[in-house]
Amino acid sequence: MIAYEPGSFKDPSGRVFYLRDEVYRTLTPEAGEALGRAWESGLMPELTRAGLVLETERVRATELDVPGLEGSAWLLRQPRVPVVSYAYEWSFEMLRDAALVTLEILERCLAAGFLLKDANSFNLLFLGGKPRLVDVPSIEPYQEGMLWAGYGQFCRSFLFPLLLGAHLGLEFQPLLRGTMGELPVKEVARLFRLRDWFKPGVLRDVVLQARLERDFARRQETLAGSVSTYRLPKELLVANVRRLRRIIERLRTPTTPSEWSGYTAFHNYTDEDQRQKRVFVERALEEAKPARVLDLGCNTGQYTELARARGAQVVAVDVDAQAIDLLYRGLPAGASVWPLVANLANPTPAMGWALKERRSLLERLGSDFVLALALVHHLRITAGVPLEQVVEQLFALAPEGVVEWVDKQDSMVRRMLSLRPDVYPDYTWENFRALLERHGTLVAVQETHEGRRRLCHVRRR
């Protein structure tokens, strides 16, 4: 029988399953008919050519020799996206782009006589450095007078976190993670003060929406029932979509650089240290020729670019959202790079129903090669993770890589230890080397910073 993707149970239009390197989605008869009209109208080819929708084709269920598909006449087939990420792992610019893509798809749908019935961030995945709609069954035929049922979901998934980031300077990732991708309007409304109400998007889309929700909660009638007889002219619906688009296009985060987004300008590397590090990493990449690289603590992506330029797919992870924003905005068109805002010491857990609806970060991070440059000391000293467990985790993520050792005599570590007692007796080069050799082979070691740092090319046995 088919093993369905656990997170797809909520979609009444169909379930997702995998076959070889392709993703399939079953379709109910109603969904199959609606999407057939979207293809016949030319809408689906248009959205695909524009790079807004992941390449999708319809296939008859009888074409697959798979038991359990008797109830589906049509299936959707898509290529498997190499990296699945969630909105609580995106930077501000990534979420903003995903919101704008959603609105552009909706506007094109309305022009062709269709609508997006829902609008959450899980409907999109990043590929080639840009977000694309993968949940194609969310497109349905438009009927005159219809309201956009996905408006509230769009606000909770996209608009609210962007407003909090732009107007209040809040990092929305922990908030989205805590609410599994959708911020409740009543909680968002509490964060804005009266002085914020006249900032773009706050009064109408937050404050008034929160009051409407509160008022309807006190009534016996449902919101759906109260508006069932109301008909919204299509031009007003289009105008509202364009209004949201203008608001989101103008939103920006505060421009003050974070500690790590400005790291390349203020680090303690000499030009020679930089050259030696770059040459060492390049040589290791040339020897390993990895298809997929995991760059942990990637900062603004200097070494991500080295791996990408050698043809690797790169997952670039950093805890600093502003650094990820800079990396994301600097990606060339079509780049096979997936930037993620995440903390390896507190990675995204599995979430949702039975902890299977959304997979944990570590489940999605498998690679051929790991870069852990200027990272180990943060995990050991700042996060307090025992050195042995740090090494075990790095080897669990990839069979080979480059790991940088930063000694206690290095100025960065001295600064860290000036703020706390030195309770890290295991943090020595001798112990670190022994741990690396317990799990693998030291292919090469390069000293930099007059011996205070060491670059280690390691390979799992």
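It should be emphasised that the depicted structure is a prediction, and the values quoted were computed from it without experimental measurement.
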**Student:** Minimum heavy-atom separation for A87 and L95, please, with both atom names.
**Tutor:** CB-CD1, 4.1 Å
**Student:** What I want to find out is whether E104 reaches R108 closely enough, with some N-O distance under 4.0 Å, to be called a salt bridge.
**Tutor:**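 Yes, charged N to carboxylate O under 4.0 Å.
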**Student:** For the CG atom of L133 and the CG atom of L54, what is their distance to the nearest 0.5 Å?
**Tutor:** 9.0 Å
**Student:** Report yes if the side chains of F172 and F160 come closer than 4.5 Å at any heavy-atom pair, otherwise no.
**Tutor:**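 Of all side-chain heavy-atom pairs linking F160 with F172, none is under 4.5 Å.
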**Student:** What is the ring orientation for F126 with Y328, classed by angle as parallel under 30°, tilted 30 to 60°, or perpendicular over 60°?
**Tutor:** perpendicular
**Student:** About how many Å separate CD of E272 and CD of Q276, when rounded to the nearest 0.5 Å?
**Tutor:** 4.5 Å
**Student:** Is R453 salt-bridged to D273, cutoff N-O under 4.0 Å?
**Tutor:**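 D273 and R453: not salt-bridged.
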**Student:** Inspect the contact between E187 and R190 and indicate whether a charged nitrogen and a carboxylate oxygen are less than 4.0 angstrom apart.
**Tutor:**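 Yes.
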**Student:** Is the shortest side-chain N to carboxylate O distance from D135 to K117 below 4.0 Å?
**Tutor:** no
**Student:** Among residues two or more places apart or on two chains, list those pairs meeting salt bridge (charged side-chain N to carboxylate O under 4.0 Å, His left out) that have a residue in residues 386-403.
**Tutor:** E388-R438, E400-R459
**Student:** Atom CG in L387, atom OG1 in T428: separation rounded to 0.5 Å?
**Tutor:** 7.5 Å
**Student:** Does a side-chain N-to-carboxylate-O contact under 4.0 Å join R308 and E305?
**Tutor:**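 Counted as a salt bridge, because a side-chain N and a carboxylate O are separated by less than 4.0 Å.
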**Student:** Is the shortest side-chain N to carboxylate O distance from R310 to E282 below 4.0 Å?
**Tutor:**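 Looking at E282 together with R310, the answer is yes, because their closest N to O distance falls below 4.0 Å.
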**Student:** Assess whether salt bridge (Lys or Arg N to Asp or Glu O under 4.0 Å) is satisfied between R243 and D205, documenting all intermediate values.
**Tutor:** CA-CA 11 Å; R243 178 189 66 85; D205 297 295; 2.9 Å; yes
**Student:** Kindly give the heavy-atom pair with the smallest separation between P339 and I324, and that separation in Å.
**Tutor:** CB-CG2, 3.7 Å
**Student:** For residues V413 and K408, report the shortest heavy-atom separation together with the two atoms involved.
**Tutor:** CG1-CA, 3.7 Å
**Student:** Can you label the angle between the F17 ring and the Y24 ring as parallel, tilted or perpendicular, going by 30° and 60°?
**Tutor:**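 Ring orientation of F17 relative to Y24: parallel.
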**Student:** Does the structure place the NZ or CZ of R15 under 6.0 Å from the centre of the six-membered ring of Y4, at an angle of no more than 45° from the ring's axis?
**Tutor:** yes
**Student:** Can you name the nearest heavy-atom pair linking A350 to S360, along with the distance?
**Tutor:** N-CB, 3.5 Å
**Student:** Which distance, rounded to the nearest 0.5 Å, do you find between the CG of L103 and the CG of L116?
**Tutor:**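 Answer rounded to 0.5 Å: 9.0 Å.
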**Student:** Answer yes or no: is there an ion pair linking R242 with E107, defined by an N-O contact shorter than 4.0 Å?
**Tutor:** yes
**Student:** Are R80 and Y18 in a cation-pi contact, defined as NZ or CZ under 6.0 Å from the six-membered ring centre and within 45° of the axis?
**Tutor:**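 Ring-cation test returns yes.
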**Student:** What are the two closest non-hydrogen atoms of L125 and S85, and how far apart are they?
**Tutor:**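 The answer is CD2-O, 4.0 Å.
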**Student:** Got a second to check how far H457's NE2 is from L285's CG, nearest 0.5 Å?
**Tutor:** 8.5 Å
**Student:** Run the salt bridge (Lys or Arg N to Asp or Glu O under 4.0 Å) test on E249 and R245 for me, step by step, so that the C-alpha distance in whole Å, both residues' side-chain angles and the decisive distance to 0.1 Å come before the verdict.
**Tutor:** CA-CA 6 Å; E249 284 175 340; R245 192 170 178 173; 3.7 Å; yes
**Student:** By the side chain to side chain donor-acceptor pair (under 3.5 Å) test, which pairs, at least two apart or in different chains, include something from residues 168-177?
**Tutor:** R177-N346
**Student:** First locate atom CG of L296, then atom OG of S367, and finally report the distance between them rounded to the nearest 0.5 Å.
**Tutor:**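 Output value for this atom pair is 7.5 Å.
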**Student:** Do the numbers put R358 on top of the ring of F122, so that NZ or CZ is under 6.0 Å from the six-membered ring centre and no more than 45° off the axis?
**Tutor:** yes
